[in-house]
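Step one of this worksheet: look at the structure below.
In what follows, chains are A, B, ... by sequence order, proteins preceding strands, each numbered from 1.
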There are 2 protein chains.
Amino acid sequence: MQKTLCQSCILQSDAAIKLIKNQLNELTDHCSRVEFKPGEIIFKENAISTNVVYIQRGLVKIHTDNFSKDRILRLTKAPSYLCLPGVLGDSINRFSATTIEPTLACFIDIHVFKKFILENGDFAYQIILALSQNEIKSFQVSLNLAQKQANGRVADALLYFAREIYNSQAFMLPFSRQELGDWMGISRESVSRILGEFHSAHIIYQNGKEITILNEELLEQISQKG
Amino acid sequence: MQKTLCQSCILQSDAAIKLIKNQLNELTDHCSRVEFKPGEIIFKENAISTNVVYIQRGLVKIHTDNFSKDRILRLTKAPSYLCLPGVLGDSINRFSATTIEPTLACFIDIHVFKKFILENGDFAYQIILALSQNEIKSFQVSLNLAQKQANGRVADALLYFAREIYNSQAFMLPFSRQELGDWMGISRESVSRILGEFHSAHIIYQNGKEITILNEELLEQISQKG
DNA sequence: CGATATTTGTGATATGTATCACATAGCCAC
DNA sequence: GTGGCTATGTGATACATATCACAAATATCG
């Protein structure tokens, strides 16, 4: 961990830009930065936490193994704030956060964070906007889970990586088949089979974790139809 | 619609209590109250809206028929704010809201609402808390959809009504079998069958929409095991 | 009140996906 | 390299649930 000047570090964040200068100095005094390698745990569910985590750079999965099985609830790409729900409510993390790619995270004291919300309406408004976006995405996720079949969900996942995360038709899947299944709520065998079918049908090219989307339009159709 | 003194009307809300007096007067000038019967539409998805809706009394379902099939995303019991996500983002409703029970709703101009957030940190903080709670609930919902089987989901739904909505083991189901299925992502026939099984096993008593939970512990187990 | 529409229950069948079993491939440690 | 570990692919089977078809019950409305 190292102390950092938050003026320079955090300015990518819509919310942080709204902090005025002496608030940023205060942030500097109560913020520590940590670099994570892929697969490292940022925080664990059921642990007590008094920090909000700001993801400055990287990719993180929010997950839980409440029911003995790991379930991936969401991926979060920088820049974003984690841990708001648990920490603001009762300071117990309701889920775990684990890095998928190299990630730079800032730990911000919850009291400082709360103070900013109370004192700085612009900052609060940005946070509210971000939470509202999350809510819409959550609705989308639960629609997908409730009414799409397995191939639609896999199509969804591939499009998500291509569009939201890597901005490219070709990418290295950061997940094992098992993890993909944990995310979309299907078994690892089904994931294998479906990726195999997509490959045979020339919708994608796959070679291990290497994926290229060959027919985005068709993949989109599969995603839509479920 | 009728103008109302918001001091008296809205004080049940944690968030509104934080509004100071002259803000409440401003709210009174930009707030209209509407009484809804069960089954009436408060707002429709894809419609443009410039209001935040505060549910003062009643029960509302948030739903969408994006994919030709109606899907119920969430129930919301008063007091609560609706419509934040869509309105704050781009002013288009991302979903519909329809009343399930007699409901009293206040329509608040979005600009006034935003002004309150910017000017009143306490108010903003309450909104952030509420949104955070929503997020945790959304995670719970997507866990349920992803890994529970139909009987676990139905058990869940019954426990939800008994505990969260009616605070009683006996209640009138405000949904048809079809709607229950739309909510939990299963077919109406399966809902019928499962309720029938629960009835035969003396876990519940059912007579049409009249439901009594006879063995809450067992129902809880079914919900847990999925 | 009767006629019609809607909701509900239930059996038979089809279908999708989990599960199991096992083979293969890739990877790391020694 | 060899041995053990994990990840992956693939077939056979089991199982849960959707779908279809129809009957019965209930609500709605003129």
Side-chain angles (χ1 to χ4, degrees), chain A residues 37-39 67-72 100 143-158 172-201 203-211 222-223 225-226, chain B residues 37-40 67-72 98 100 143-158 172-201 203-211 222-223 225-226:
Chain A
K37 296 190 197 72
F67 299 89
S68 80
K69 236 181 172 182
D70 196 52
R71 254 288 294 167
I72 296 170
I100 296 172
L143 272 180
N144 287 347
L145 289 173
Q147 57 179 222
K148 283 189 188 173
Q149 294 185 322
N151 59 354
R153 297 187 200 175
V154 173
D156 247 25
L158 296 175
M172 295 297 291
L173 207 58
F175 278 170
S176 68
R177 306 296 192 253
Q178 179 71 60
E179 278 177 303
L180 246 182
D182 291 338
W183 186 28
M184 306 310 290
I186 52 189
S187 70
R188 62 160 198 86
E189 292 96 329
S190 293
V191 173
S192 274
R193 268 184 268 265
I194 290 164
L195 288 178
E197 284 162 24
F198 286 176
H199 181 85
S200 303
I203 300 168
I204 66 167
Y205 167 83
Q206 70 155 345
N207 180 21
K209 291 195 164 43
E210 185 189 346
I211 301 276
I222 293 169
S223 159
K225 278 193 295 186
Chain B
K37 296 192 197 71
E40 290 187 329
F67 299 89
S68 80
K69 236 182 171 181
D70 197 51
R71 251 290 294 167
I72 296 170
T98 304
I100 296 172
L143 272 179
N144 287 347
L145 288 174
Q147 56 180 226
K148 283 188 187 172
Q149 294 186 319
N151 58 355
R153 297 186 200 176
V154 173
D156 248 25
L158 296 176
M172 294 299 289
L173 206 59
F175 279 170
S176 68
R177 306 295 191 253
Q178 179 71 61
E179 277 176 305
L180 247 183
D182 291 338
W183 187 27
M184 306 310 290
I186 52 191
S187 70
R188 64 159 198 86
E189 292 95 329
S190 292
V191 173
S192 274
R193 268 185 267 267
I194 289 164
L195 288 177
E197 284 163 23
F198 286 175
H199 181 85
S200 304
I203 300 169
I204 66 168
Y205 167 83
Q206 69 156 346
N207 180 21
K209 290 193 165 44
E210 186 189 345
I211 300 275
I222 292 168
S223 160
K225 279 195 294 188

Quick one: closest heavy-atom pair of A:Gly208 and A:Arg177, and the distance? O-NH2, 3.0 Å
Residue whose nearest DNA chain C nucleotide is more 5′ - B:Ser190 or A:Gly185: B:Ser190
All heavy atoms of B:Arg71 vs all of B:Trp183, minimum pair found to be NH1-O, 2.5 Å
Spell out yes or no: do the side chain of A:Arg193 and the base of C:dG16 have one donor N/O and one acceptor N/O closer than 3.5 Å? no
Does the B:Arg153 side chain pair with the main chain of B:Ile186, one donor and one acceptor, at a distance under 3.5 Å? no
Between A:Glu189 (CD) and C:dT17 (P), how many Å, whole number? 13 Å
Please give, in whole Å, the distance from C:dT17 C1' to A:Lys148 NZ? 18 Å
Candidates C:dA18, D:dT8, C:dT17 - which lies nearest the side chain of A:Ser192: D:dT8
A:Ile194 or B:Arg177: which one's nearest nucleotide on DNA chain C is closer to the 5' end? B:Arg177
What is the distance from CD of B:Gln149 to P of D:dA14, rounded to the nearest Å? 17 Å
Output yes when a side-chain donor or acceptor of B:His199 lies under 3.5 Å from a complementary backbone atom of B:Gln206, and no otherwise. yes
CG of A:Leu180 versus C1' of D:dT8: gap in Å, rounded? 13 Å
Whole-Å distance separating the CG atom of B:Asn151 from the C1' atom of D:dT17: 11 Å
Quick one: is A:Lys209 getting a side-chain N or O under 4.0 Å of the C:dG26 phosphate, OP1 or OP2? no
Separation of C:dT8 atom P from B:Ile186 atom CD1, nearest Å, is 14 Å
Whole-Å distance, A:Leu173 CG to D:dA7 C1', equals 13 Å
For A:Ser176, report the nucleic acid contact type (base, sugar-phosphate, nothing); a contact means any heavy atom under 4.0 Å. sugar-phosphate
Nucleotide C:dT10, atom C1' - distance to CG of B:Leu195 in whole Å: 14 Å
Give the nucleotide from the list D:dT19, C:dG9, D:dT8 with an atom nearest to the side chain of B:Arg188. C:dG9
Do A:Lys148 and A:Ser223 have side-chain N/O donor and acceptor atoms under 3.5 Å apart? yes
